[in-house]
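Before we start, here is the structure in question, set down as structure tokens.
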Protein chains: 2
Amino acid sequence: MTERKRQILQSAQAILKKKGYAATSVRDIAKSLEIEPASLYSHFSSKEDILKLTCFDMASKFDEAIQEINTLYFDAEQQLRMAIREHVQILTSHLDSAIIFLRDWRNLTGESHLKFVEKRNSYENGIRKIIQTGIDEGRFNESDIKFATLTVLSSVNWIVEWYNPNGKLNATQIAEKLSNFILSGLIKNKL
Amino acid sequence: MTERKRQILQSAQAILKKKGYAATSVRDIAKSLEIEPASLYSHFSSKEDILKLTCFDMASKFDEAIQEINTLYFDAEQQLRMAIREHVQILTSHLDSAIIFLRDWRNLTGESHLKFVEKRNSYENGIRKIIQTGIDEGRFNESDIKFATLTVLSSVNWIVEWYNPNGKLNATQIAEKLSNFILSGLIKNKL
DNA sequence: ATTTGCCTAACGAACGTTAGTTTGTAGTCT
DNA sequence: AGACTACAAACTAACGTTCGTTAGGCAAAT
């Protein structure tokens with residue numbers, strides 16, 4: 001990927017984030033770069049190509065993170081805390097891409113769509129495995145495992161909706177708060 | 001609203017749910033009803049009109065629910081459980097509308113957009129008030145109140161992504177599981 | 001007699017994309 | 001040093017399609 005292509009991709013992602021994939025036209029993207037719409041096709045084969053690159057780039061980042069964590073011999077709580085920290089780190093350091101990745105992947109068509117869902121499920125399985133370990137260890141409440149996994153992921157992913165890079169909380173702090181919330185809930189522990 | 005209009009609205013929502021607002025054309029909607037695209041304009045003034053009706057219908061359902069709960073004199077835990085139960089009930093009994101409401105409201109323009117955000121914030125405030133009460137009562141962990149509110153709402157809203165009307169869990173059961181998760185977290189309480 | 005619900009036909013605008021060309025720049029050979 | 005080649009990145013112009021929407025009319029129900 002050339003420097004210019006990366007530059008264009010970044011500009012495109014800023015607009016896609018703001019307007020959503022389906023509502024963004026190739027002309028919108030070109031305008032923000034002050035080039036002609038046709039010029040984009042010197043770098044990308046189609047509009048969907050931009051979406052594809054964005055979604056799969058993010059997917060592999062998450063993939064790498066979870067696979068590394070799953071090889072480490074920590075207990076479930078530690079593993080979950082690490083997974084959440086990595087997840088938040090990836091989301092917040094690529095905020096535009098992250099929003100597109102989470103929201104617009106449904107617009108992928110054909111094989112791309114299938115492969116994406118596959119990747120997503122594989123990541124979900126990584127998280128599920130950690131929670132399952134926690135239950136097996138007797139440290140986590142027994143609960144519907146699919147339910148727990150989705151609830152964890154939803155609260156983690158939602159941060160892209162309100163995260164402010166200039167806010168008072170950095171990624172690590174958010175991850176810790178979130179981990180505490182997920183692990184301990186709202187109610188005070190009886191000590 | 002005539003019977004026919006309600007019927008058309010329902011058909012439209014089924015497609016909007018599947019494809020997303022921006023990616024759905026007026027012709028798509030007409031086709032599913034086996035009428036001509038132009039015929040839709042006997043019932044709706046514009047494509048956005050359909051989105052507007054859907055979003056604001058759902059918004060008032062949530063609004064009514066939270067306002068009623070806020071007038072009741074239960075403690076925070078009971079109130080939060082009730083709010084979650086009502087929320088899940090509304091989502092699952094209007095699944096198509098719910099998905100559009102949660103995902104596509106960004107496509108509202110002008111005044112509609114503004115009013116919608118206002119309504120949404122007002123609902124968020126209702127939930128926030130309950131959590132704040134729990135903290136004041138000394139029953140909930142002290143935590144970033146905005147953070148807690150958003151985390152609660154995100155995990156509740158995410159159920160539309162996986163809820164299956166024919167699955168083994170009904171709305172009430174989901175609400176209870178979710179309440180337990182949010183209130184107690186993953187880690188077992190030390191008794 | 002009026003209204004309701006749909007039709008046909010068409011509008012102008014915007015859509016993603018293609019073909020073919022121009023421009024600038026960097027490297028290579030005489 | 002100057003000429004030649006190669007390539008990247010942009011351009012102009014246009015393509016066929018689809019978009020949301022409107023105008024005007026027609027048949028059945030009220």
Side-chain angles (χ1 to χ4, degrees), chain A residues 1-56 96 100 103-113 116, chain B residues 1-56 96 100 103-113 116:
Chain A
M1 175 131 55
T2 66
E3 185 54 38
R4 180 58 176 155
K5 181 167 180 178
R6 203 179 303 276
Q7 192 179 109
I8 290 177
L9 192 56
Q10 221 158 31
S11 241
Q13 286 164 344
I15 306 192
L16 290 178
K17 168 202 161 186
K18 208 185 295 180
K19 308 188 52 172
Y21 177 77
T24 302
S25 72
V26 172
R27 283 166 178 84
D28 289 333
I29 297 170
K31 197 166 211 171
S32 82
L33 286 152
E34 297 182 279
I35 61 175
E36 294 300 314
S39 306
L40 286 169
Y41 289 81
S42 299
H43 303 275
F44 303 95
S45 65
S46 66
K47 184 189 171 192
E48 187 173 344
D49 194 30
I50 296 175
L51 179 62
K52 222 184 304 183
L53 271 170
T54 305
C55 289
F56 283 92
D96 290 352
I100 298 164
R103 182 192 59 196
D104 292 331
W105 63 268
R106 287 162 226 270
N107 294 101
L108 291 170
T109 63
E111 197 185 353
S112 297
H113 188 100
F116 182 88
Chain B
M1 175 130 52
T2 66
E3 185 53 40
R4 179 58 176 156
K5 182 166 179 179
R6 203 180 304 277
Q7 193 178 108
I8 290 177
L9 192 54
Q10 221 159 30
S11 240
Q13 285 163 346
I15 306 193
L16 289 177
K17 168 202 161 186
K18 208 185 295 181
K19 307 187 53 172
Y21 177 78
T24 303
S25 72
V26 172
R27 285 166 176 85
D28 290 333
I29 298 170
K31 197 167 212 172
S32 82
L33 287 152
E34 298 183 281
I35 61 176
E36 294 301 313
S39 305
L40 287 169
Y41 289 82
S42 300
H43 303 276
F44 302 96
S45 65
S46 67
K47 183 190 172 191
E48 187 174 345
D49 195 29
I50 296 175
L51 178 62
K52 223 185 301 182
L53 271 170
T54 305
C55 288
F56 282 93
D96 290 352
I100 298 164
R103 180 193 58 196
D104 292 331
W105 64 269
R106 287 162 224 271
N107 293 102
L108 290 169
T109 63
E111 198 185 351
S112 297
H113 188 100
F116 182 89

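So that the names make sense, note that chain A is the first sequence line, chain B the second, and so on, each numbered from 1.
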Residue list, side chain to side chain donor-acceptor pair (under 3.5 Å) with B:T109, at least two apart or on another chain: B:E48

DNA chain C: 5'-proximal contact among B:R4 and A:S45 (nearest heavy atom): B:R4

Nucleotide D:dT22, atom P - distance to CZ of B:F44 in whole Å: 15 Å

Nucleotide nearest A:I8 (side chain, heavy atoms from C-beta), chosen from D:dA10, C:dC6, D:dT21: D:dA10

Minimum-distance nucleotide (side-chain atoms of B:K47 versus D:dC19, D:dT21, C:dT17): D:dT21

For the student: nearest non-hydrogen atoms of A:R103 and A:L16, plus distance: NH2-O, 2.7 Å

Cation-pi geometry met for A:K47 and A:Y21 (6.0 Å, 45°): yes

Ring geometry between B:W105 and B:H113 (parallel below 30°, tilted from 30 to 60°, perpendicular above 60°): tilted

Contact list for DNA chain C against residues 30-42 of chain B - heavy-atom distance below 4.0 Å: B:I35, B:E36, B:A38, B:S39, B:S42

d(NE2, A:H43; P, C:dT17) in whole Å: 16 Å

Whole angstrom value for the distance that separates C1' of D:dG20 from CG of B:D49: 13 Å

Minimum-distance nucleotide to A:R27 side chain [options: D:dG20, C:dG5, D:dA14]: D:dA14

Nearest-Å distance for atom pair CD1/C1', residues A:I29 and C:dA14: 15 Å

Residue pair B:A14 / B:D96: nearest heavy atoms and the distance that separates them: CA-OD2, 3.5 Å

Length of the line joining B:E48:CD and D:dC19:P, which is rounded to integer Å: 18 Å

side-chain hydrogen bond (donor to acceptor under 3.5 Å, both in side chains) between A:D28 and A:S25, intermediate numbers included: CA-CA 5 Å; A:D28 289 333; A:S25 72; 3.2 Å; yes

